[in-house]
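Excluded from the calculations below are hydrogen atoms, water molecules and symmetry mates; all remaining heavy atoms, backbone and side chain alike, are included.
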Amino acid sequence: MKLNKTTRRVVSQFSISDDVKNLNLTNIKDNLFSYKYDIKRLSAYFQNPTEELEHFYSSFKGEVYENIIYELLLEYAKTAPEIKRFILKGPHQKRDLIPNKSGLLIDNSNQIVYKASYKDISEFDALFFTNNEIYFVEMSTSKKTASLNKRLFKKQALLKVLFPYLEVKALIVLTKGSVGLNNFPSYCTVWVTNDFEDEDFLKELIERKRQKKITFPSEKKDAKFIEASAISHSNFKYFQTLKWILYKARSHKNFSVDLSFFNSKDLNLYFDIYTKLYIGYLKIEDFRQIAKDYDYDVRDDKVIVSIEKINQKTYGIIYYPKNKNGQLKRVKVDETSIKVKDKEAEGFTNAEIKFMLNVLDEKFVLTLNDINHINKNISIIKTF
């Protein structure tokens, strides 16, 4: 098998095609008109490209690029014998109009997502299967790849939980000039395409959408193409798993928090999915001894304590006080500083804290001695 330079460091059965590399629109152009685009602010862009419009245009251009890659991957999948199933999205799938609470599904934006209690845990630009593997696809026009690389850990961990019988791999599609290509994990195959610079097509696309011309995509009849709802996967109960982890961590006979419980491959997966795992709460009077300048009124006299994956090598204690005015704060305390950050009201952390406030009764209270013990011994938690 001949591999191009970009994929040589990873043994993969997939090499980039000329159509993908050159962004060949010949067979997919009509389908690109079928996608939804927000072009309200772009009609005047080509006559008056202000800085604000430039930002929207760049975002629009990146969205079109992702749709191009997805369409080209559909064509690629037809002739790749290794690909057995490919999930449809965008204008090609039949989205269930009844809102689904949890599972792998198509959301209101016609994207592939995994939801828990109506909230998106993760989104995938594309998903396809071989006999023994599942590939998730990430596409980006950004030349900087550090942020994209960081997002991969959660996506891979989630898919490992959902498909424990499959090997999870990733296909990363970037544009030429992107940096950090050798920093991706070994399970990644990296493709590099030309930049998308077809201004005439973008003008045509904006004009057709402005005129509200309805375009239907060509029907995908290949047996490989399937709906997200047809995929069977393991049942991952997001909030119930958080509760199970809490109870297991607090069940040791001799220690308030069993740090050795977190030192396993399974828990490493959960750290990648959740980022933080909850271990109990401090009373506000004890918390103020740690964060002396924190003078907000806190709901239920509870400051929730988590062990958080700070990066891929280190863990630390993070505090989450929910103030009586409803504002959730993230507090990180180290030897020299206290860092306080607001958390979004509609974010997933807020949903987790709401759940935990109902779970954490008096048996989960932590003392300052418990916190000191954890800080001294947290380095026993290893990454895998």
Side-chain angles (χ1 to χ4, degrees), residues 1-4 6-17 19-21 28 65-90 92-93 103-107 110-114 120-140 145 148-175 178 181-193 220 222-234 236 269 272-273:
M1 176 183 64
K2 184 179 178 181
L3 296 177
N4 59 60
T6 309
T7 60
R8 189 169 293 149
R9 67 185 187 85
V10 180
V11 178
S12 171
Q13 68 262 54
F14 301 112
S15 296
I16 190 170
S17 67
D19 282 346
V20 175
K21 182 177 181 180
I28 66 168
Y65 174 83
E66 290 185 15
N67 292 338
I68 289 171
I69 297 300
Y70 182 78
E71 287 291 329
L72 290 172
L73 280 174
L74 285 173
E75 297 298 308
Y76 184 97
K78 289 180 183 179
T79 58
E82 302 91 344
I83 297 177
K84 305 303 180 183
R85 295 180 294 169
F86 195 105
I87 295 182
L88 294 172
K89 72 168 191 176
H92 298 293
Q93 48 71 48
L104 191 67
L105 49 88
I106 301 296
D107 69 0
N110 293 332
Q111 300 299 313
I112 304 167
V113 299
Y114 186 82
D120 293 357
I121 295 179
S122 195
E123 179 181 318
F124 303 96
D125 291 340
L127 283 174
F128 63 87
F129 299 80
T130 68
N131 281 328
N132 303 307
E133 302 154 325
I134 179 171
Y135 274 81
F136 67 97
V137 183
E138 289 296 302
M139 317 160 191
S140 176
T145 59
L148 168 60
N149 202 331
K150 186 177 180 181
R151 294 198 302 271
L152 300 181
F153 293 99
K154 180 177 182 178
K155 295 174 187 288
Q156 192 210 25
L158 176 60
L159 290 176
K160 280 184 175 181
V161 171
L162 296 179
F163 301 96
Y165 49 89
L166 296 176
E167 185 175 357
V168 180
K169 294 186 176 181
L171 173 62
I172 312 298
V173 187
L174 305 168
T175 56
S178 298
L181 301 188
N182 292 324
N183 295 331
F184 285 99
S186 60
Y187 60 82
C188 297
T189 294
V190 182
W191 286 359
V192 178
T193 75
K220 298 298 180 185
D222 197 293
K224 295 180 180 181
F225 301 141
I226 58 174
E227 305 289 334
S229 58
I231 298 296
S232 298
H233 55 74
S234 296
F236 174 48
L269 281 180
D272 281 336
I273 294 172

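- For the pair Tyr114 and His233, the tightest heavy-atom approach, listed with the atom from each and the gap, is CE1-CE1, 3.9 Å.
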Inset, instruction - Report the C-alpha distance between Val113 and Leu105 in whole Å, list the side-chain angles of each, state the deciding distance to 0.1 Å, and finish with yes or no for side chain to side chain contact (heavy atoms under 4.5 Å, CB included). - result: CA-CA 6 Å; Val113 299; Leu105 49 88; 3.7 Å; yes
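- Taken from CZ in Phe184 to OG1 in Thr145, the straight-line distance is 4.5 Å, to the nearest 0.5 Å.
- For Arg151, the side chain to side chain donor-acceptor pair (under 3.5 Å) test picks out Ser147, with sequence neighbours left out.
- For the pair Ile112 and Ile106, the minimum side-chain heavy-atom distance is below 4.5 Å.
- With sequence neighbours excluded, the residues forming a side chain to side chain donor-acceptor pair (under 3.5 Å) with Thr193 are Tyr65, listed by chain and number.
- Residue Lys224 places its NZ atom among more than 12 non-hydrogen atoms of other residues, nucleotides or ligands, all under 6.0 Å distant.
- Pairing each heavy atom of Val168 with each of Tyr187, the nearest pair is O-CB, 3.9 Å.
- For the atom pair CD1 (Ile172) and OG1 (Thr189), the distance works out to 8.5 Å, reported to the nearest 0.5 Å.
- Rounded to the nearest 0.5 Å, atoms CG (Asn149) and CD (Glu138) are 11.0 Å apart.
- With sequence neighbours excluded, no residue forms a salt bridge (Lys or Arg N to Asp or Glu O under 4.0 Å) with Lys154.
- You'll find the side chain of Val173 reaches within 4.5 Å of the side chain of Val137, heavy atoms only.
- For the residue pair Ile231 and Arg85, the shortest heavy atom distance occurs at CD1-NH1, 3.9 Å.
- Contacts of Asp19 classified as side chain to side chain donor-acceptor pair (under 3.5 Å), with partners at least two apart in sequence or in another chain: Asn24.
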Could you give the side-chain donor-acceptor pairs of residues 125-133 under 3.5 Å, partners two or more places apart or in another chain?
{"from": "Asp125", "atom 1": "OD2", "to": "Met139", "atom 2": "N", "distance (Å)": "2.9"}
{"from": "Thr130", "atom 1": "OG1", "to": "Asn132", "atom 2": "N", "distance (Å)": "3.4"}
{"from": "Thr130", "atom 1": "OG1", "to": "Glu133", "atom 2": "N", "distance (Å)": "3.0"}
{"from": "Thr130", "atom 1": "OG1", "to": "Glu133", "atom 2": "OE1", "distance (Å)": "2.8"}
{"from": "Glu133", "atom 1": "OE1", "to": "Gln13", "atom 2": "NE2", "distance (Å)": "3.1"}
{"from": "Glu133", "atom 1": "OE2", "to": "Lys169", "atom 2": "NZ", "distance (Å)": "2.8"}

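- One distance of note links CG of Leu104 with OG of Ser122; it measures 10.0 Å at 0.5 Å rounding.
- Residues satisfying the salt bridge (Lys or Arg N to Asp or Glu O under 4.0 Å) test with Asp120, not counting sequence neighbours, are Lys115.
- From Tyr76, atom OH reaches atom CG of Leu74 across 13.5 Å, with rounding to the nearest 0.5 Å.
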N/O donor to acceptor pairs below 3.5 angstrom from side-chain atoms of residues 155-162, sequence neighbours left out:
{"from": "Lys155", "atom 1": "NZ", "to": "Glu123", "atom 2": "O", "distance (Å)": "2.3"}

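- In this structure, the side-chain contact (heavy atoms from CB on, under 4.5 Å) partners of Ala77, at least two apart in sequence or on a different chain, are Ile83, Phe86, Phe225.
- With rounding to the nearest 0.5 angstrom, the CD1 atom of Ile28 is 9.0 Å from the CG atom of Asn67.
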Legend entry - side chain to side chain contact (heavy atoms under 4.5 Å, CB included) evaluation trace for Ile273 with Phe236: CA-CA 11 Å; Ile273 294 172; Phe236 174 48; 4.3 Å; yes
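- For Glu82, there are no side chain to side chain donor-acceptor pair (under 3.5 Å) partners, not counting sequence neighbours.
- Ser140 meets the side-chain contact (heavy atoms from CB on, under 4.5 Å) test with Ser142, Leu148, Leu174; sequence neighbours excluded.
- A heavy-atom distance below 4.5 Å is found between the side chains of Trp191 and Leu73.
- Of all heavy-atom pairs spanning Phe14 and Ala80, the tightest one is CE2-CB, 4.5 Å.
- Looking at residues two or more places apart in sequence or on another chain, you find a side-chain contact (heavy atoms from CB on, under 4.5 Å) between Ser229 and Glu227.
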